[in-house]
Amino acid sequence: MEFDQDSVTRVRHLVARSARDAGLAGITLEDFVLAVHEAVTNAVRYGIPPRGMALWREPEALVCEITDSGPGIPPEVFQRVEPVKRFDYGGRGLWLMDLLADLDVRGGADGTIIRLSVPVDRFR
């Protein structure tokens, strides 16, 4: 599905409902929904349309992929191993996604793909 700034809340609710239907519950559900929300809001903030999201269940994982057509993520962003320690906003999205789910980032000049997954054994 495609999304924009006006549909971020609807996307979050859809992800929560779909992840619950796939078997997630409790803190694992909350963590996964927050990780996906971070990726969606980053795509809106930094990416260029079209932006898309797909959510599916694999035999051993629940997977969500968020895409955009933006300039990609600068390499220096990945050099940060700890979150920003200031109290201002921003700079924690990828760190938080990595903390809350299995994170894979691919991208370049033609866009970015964020893949978040939660192994089945984490919610059995």
Side-chain angles (χ1 to χ4, degrees):
M1 77 177 280
E2 287 189 33
F3 61 89
D4 59 19
Q5 182 175 353
D6 295 332
S7 58
V8 169
T9 301
R10 185 172 53 86
V11 168
R12 184 178 179 130
H13 291 291
L14 177 62
V15 169
R17 186 173 52 251
S18 298
R20 189 177 304 109
D21 291 347
L24 287 176
I27 194 73
T28 305
L29 171 64
E30 293 173 19
D31 286 352
F32 186 72
V33 171
L34 180 55
V36 171
H37 179 76
E38 285 293 321
V40 167
T41 56
N42 276 0
V44 167
R45 185 173 184 183
Y46 302 111
I48 296 171
R51 301 174 190 99
M53 182 195 73
L55 181 69
W56 68 92
R57 173 80 185 265
E58 292 183 347
E60 298 185 12
L62 181 63
V63 181
C64 186
E65 208 168 73
I66 298 90
T67 60
D68 70 67
S69 300
I73 300 171
E76 60 270 11
V77 171
F78 295 105
Q79 295 172 357
R80 206 182 293 157
V81 294
E82 294 184 26
V84 177
K85 296 191 184 327
R86 301 181 310 260
F87 289 103
D88 59 352
Y89 294 99
R92 297 174 185 86
L94 284 170
W95 173 82
L96 191 57
M97 286 179 240
D98 191 40
L99 181 69
L100 300 174
D102 295 325
L103 171 66
D104 180 47
V105 180
R106 289 172 274 146
D110 60 345
T112 302
I113 300 170
I114 301 286
R115 181 178 237 189
L116 298 160
S117 62
V118 180
V120 172
D121 64 328
R122 282 181 53 185
F123 57 88
R124 272 196 176 163

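Residue numbers run from 1 in the order of the sequence given.
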Distance-only check: which donor-acceptor pairs under 3.5 Å involve side-chain atoms of residues 104-111, not counting sequence neighbours?
{"residue": "D104", "atom": "OD2", "partner": "R106", "partner atom": "NE", "Å": "3.0"}
{"residue": "R106", "atom": "NH2", "partner": "E65", "partner atom": "OE2", "Å": "3.4"}

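With sequence neighbours excluded, the residues forming a side-chain hydrogen bond (donor to acceptor under 3.5 Å, both in side chains) with S7 are D4, listed by chain and number. Among residues two or more places apart in sequence or in another chain, the salt bridge (charged side-chain N to carboxylate O under 4.0 Å, His left out) test is passed with R20 by none. Annotation: side-chain hydrogen bond (donor to acceptor under 3.5 Å, both in side chains) contacts of D98 (sequence neighbours excluded): none. A search for side-chain contact (heavy atoms from CB on, under 4.5 Å) contacts involving S18 returns L14, L55, not counting sequence neighbours. Residues that satisfy the side-chain contact (heavy atoms from CB on, under 4.5 Å) test with P50, not counting sequence neighbours, are E2, S69.
To the nearest 0.5 Å, atoms CZ (R12) and CZ (R17) are separated by 14.0 Å. Here the CG-CZ distance, from D68 to R51, works out to 7.0 Å after rounding to the nearest 0.5 Å. Atom CG of L99 sits about 7.5 Å away from atom CG of D31, to the nearest 0.5 Å.
In plain terms, the two heavy atoms of N42 and G93 that are nearest each other are ND2-CA, 4.1 Å. Shortest non-hydrogen contact noted between I66 and M53 is CG1-CG, 4.2 Å. Closest non-hydrogen pair, T112 versus G72, comes out as OG1-CA, 3.2 Å. The minimum heavy-atom distance between A22 and R57, with the atom names listed, is O-NH1, 2.9 Å.
In this structure, S117 and L62 have side chains that are not in contact, with every pair of non-hydrogen atoms separated by 4.5 Å or more. Residues L103 and R115 have side chains not in contact (no heavy-atom distance under 4.5 Å, counting atoms from C-beta outward).
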Do M1 and R10 pass the side chain to side chain contact (heavy atoms under 4.5 Å, CB included) test, and can you show the C-alpha distance, the side-chain angles, and the key distance before you say yes or no?
CA-CA 11 Å; M1 77 177 280; R10 185 172 53 86; 3.4 Å; yes

key: Audit row: V118, L24, side chain to side chain contact (heavy atoms under 4.5 Å, CB included) steps and yes/no   = CA-CA 9 Å; V118 180; L24 287 176; 4.2 Å; yes

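Each of V36, T28, L29 was checked for a side chain to side chain contact (heavy atoms under 4.5 Å, CB included) with F32, and the lone residue meeting it is V36.
Annotation for W56: hydrophobic cluster partners, listed by chain and number, are V63 (ILVMFWY side-chain heavy atoms under 4.5 Å, direct or chained).
I48 and I114 are members of different hydrophobic clusters when ILVMFWY side chains are connected at heavy-atom separations under 4.5 Å.
Under a 3.5 Å cut-off, the side chain of T41 and the backbone N or O of H37 do form a donor-acceptor pair.
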